[in-house]
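Have a look at the structure below, then the notes.
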Protein chains: 2
Amino acid sequence: MAANILIVDDEQAIADLVEVYLKNENFHVFKFYNGQDALNCIDKEKLDLAILDVMLPDVDGFSICQKIRDKHNFPVIMLTAREEEIDKITGLTLGADDYITKPFRPLELIARVKAQLRRFTKYNSVKPNREEHLIAFSGLVLDLDSHECTLNEKKLSLTPTEFSILWVLCKNRGRVVSSEELFHEVWGDKYFTNNNNTVMVHIRHLREKMHDSAEHPKYIRTVWGVGYKIEK
Amino acid sequence: MAANILIVDDEQAIADLVEVYLKNENFHVFKFYNGQDALNCIDKEKLDLAILDVMLPDVDGFSICQKIRDKHNFPVIMLTAREEEIDKITGLTLGADDYITKPFRPLELIARVKAQLRRFTKYNSVKPNREEHLIAFSGLVLDLDSHECTLNEKKLSLTPTEFSILWVLCKNRGRVVSSEELFHEVWGDKYFTNNNNTVMVHIRHLREKMHDSAEHPKYIRTVWGVGYKIEK
DNA sequence: GAGAGCCTTAAGATTTTCTTAATAACCAAT
DNA sequence: ATTGGTTATTAAGAAAATCTTAAGGCTCTC
């Protein structure tokens, strides 16, 4: 589908991260670190969705949102820091279609972006197809909509982290994903730690729920010294 | 049905919001921020309904309403701010088919629009179909007309907020709806506070009335870390 | 202006999920 | 076989999200 997505955040690190997540999903990204540049972009490009930080140094998210509503009307997702004081953001989020508080997980962002794109499908240039939010192969089904995972017709009850790990592994099936990459893709910018085995523990839980084992892997295979992978 | 709806309000944010709500319901929207542009539109387009702010800077809602009555005769819904002084709006709302005071809930607006369209069905081009104001599946029936909810033939007495939440969940059944999105869809233009559990409390009340429980959900399922959903 | 119904807020309890840490098992190279 | 580094397992405490309850405030009606 290759939707065009506008992302605006004066925290460069955040904007860059979001860009990476979106590009991983084959979206085309227009990224700006201030409101003014974003405003210019809105009229020039054919956009399908915008992700806006509410608190920008020049033009705030609300004003950008209004401009979008005024002329173009594609979905808007607002970003707010969890600690941001209520009286500061009051009104600024008005008119958005969804809100996400930082920090967020990559998959959460992706899921909401796709949900909005689907909702607006009739008004924009994007024709989302079911595969975009569904991964299905060899008995395994992951549905981003319902957040459900099915293995050979049987429903697995996964936690958000487990779901996210499995999603990343499945998206990259056939390729080994290092534990660092996995960590980055699942936890995002939360923090950086190299000496933790938290990924391992979640892999273990996943395997348990999938009736899989490290020794005789049916799904998640350990590649020594490299990472984990799921066969194509 | 795809009715053509005219919306006029000099408060851009309001007009934009209304536009979003209506487009979500597949209506075709003509939006203007002043009276004059709206007047021009009335003769040019084949309209089915108008939503007018009474207090406009140039041509007031009343005059627009008269023009509609004069030549075209399709339903008119007037918008008034709750605080607007009685003597200022007296007379201005005369002749309208319905009135809505701001702030309003998305679902309230939609319900009234649909009601008017149905009432005028013989005079306009629109063929409303029953599904537009009725959701029914697996023992659950929601009627936007009567604002009634029936569960396995038994009537539930829901408050407006509860009805609205259930409506949104049912409309999106099969998909997880985050509490942010739920808040936006139900409360409309209110700002979002991220430490508020008001959605949760209403979910709790809903479950109680539906003889449902968080622990063994029959209808409203909690998806930890993501939101709520009703199975397809 | 009194009462009823409804909505919101707050606080504490509960449940679920995540991380840590300690130990065991494993692999590959020597 | 031994060794060093990597992965697996387990359990327990920490953290986070949700649930529940109740009180106070608001709005509408009579």
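Just so we're clear, the structure is a prediction, and the values are computed from it rather than from any experiment. Naming: A, B, ... by sequence-line order, numbering from 1 per chain.
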To the nearest Å, give me how far apart CD1 (A:Ile220) and P (D:dT7) are. 15 Å

In terms of the nearest nucleotide of DNA chain C, which residue is placed more toward the 5' end: A:Pro160 or A:Trp224? A:Pro160

For the residue pair A:Arg173 and A:Phe137, would you count it as a cation-pi contact if the rule is NZ or CZ under 6.0 angstrom from the ring centre and within 45 degrees of the ring axis? yes

Check this for me, if you would: do B:Asp98 and B:Arg112 make a salt bridge, where the nitrogen-to-carboxylate-oxygen distance has to be below 4.0 angstrom? yes

Can you find a side chain N or O atom of B:Tyr228 that sits less than 4.0 Å from OP1 or OP2 on D:dA17? no

Could you check B:Met200 against A:Val226 and say which one's nearest nucleotide on DNA chain D is further toward the 5' end? A:Val226

Rounded distance (Å) that lies between atom P of D:dT10 and atom CD1 of A:Ile203: 16 Å

Please report the distance, rounded to the nearest Å, between CZ in A:Phe104 and P in D:dA16. 18 Å

Side chain of A:Glu215 only, please: which of D:dT18, D:dT7, C:dC26 is the nearest? C:dC26

Starting from the 5' end of DNA chain C, give me the residue, A:Thr159 or B:Val201, whose nearest nucleotide shows up first. B:Val201

Side-chain H-bond candidate by donor/acceptor type, B:Asp16 with B:Tyr33, under 3.5 Å: yes

Using OP1 and OP2 only, check whether a side-chain N or O of B:Trp187 sits under 4.0 Å from C:dT8. yes

Does B:Asn197 contact D:dT20 through a side-chain donor or acceptor facing the base, at a distance under 3.5 Å? yes

Would you mind classifying the nucleic acid contact of A:Phe163 as base, sugar-phosphate or nothing, using non-hydrogen atoms under 4.0 angstrom? nothing

Distance check needed: D:dT18 C1' versus B:His202 NE2, whole Å only. 16 Å

Of the listed nucleotides C:dC7, D:dA8, C:dC18, the one nearest the side chain of B:Arg105: C:dC7

Specify the separation, in whole Å, of atom CZ of A:Phe183 and atom P of C:dC18. 12 Å

Just the rounded figure in Å: distance from P of C:dC6 to CD1 of B:Ile165. 14 Å

Taken to the nearest whole Å, CD/A:Glu208 to C1'/C:dT17 is 15 Å

What is the separation between atom CZ on B:Arg204 and atom P on C:dT8, rounded to the nearest whole Å? 18 Å

Options D:dA8, C:dT8, C:dT19, nucleotide nearest the side-chain atoms of B:Thr198: C:dT8

Which part of the nucleic acid, if any, lies within reach of B:Thr161 when heavy atoms closer than 4.0 Å are counted: base, sugar-phosphate only, or nothing? sugar-phosphate

Aromatic plane relationship, B:His202 with B:Trp187 - under 30° parallel, 30 to 60° tilted, over 60° perpendicular: tilted

Heavy-atom side-chain contact between A:Ile230 and A:Arg221 under 4.5 Å: no

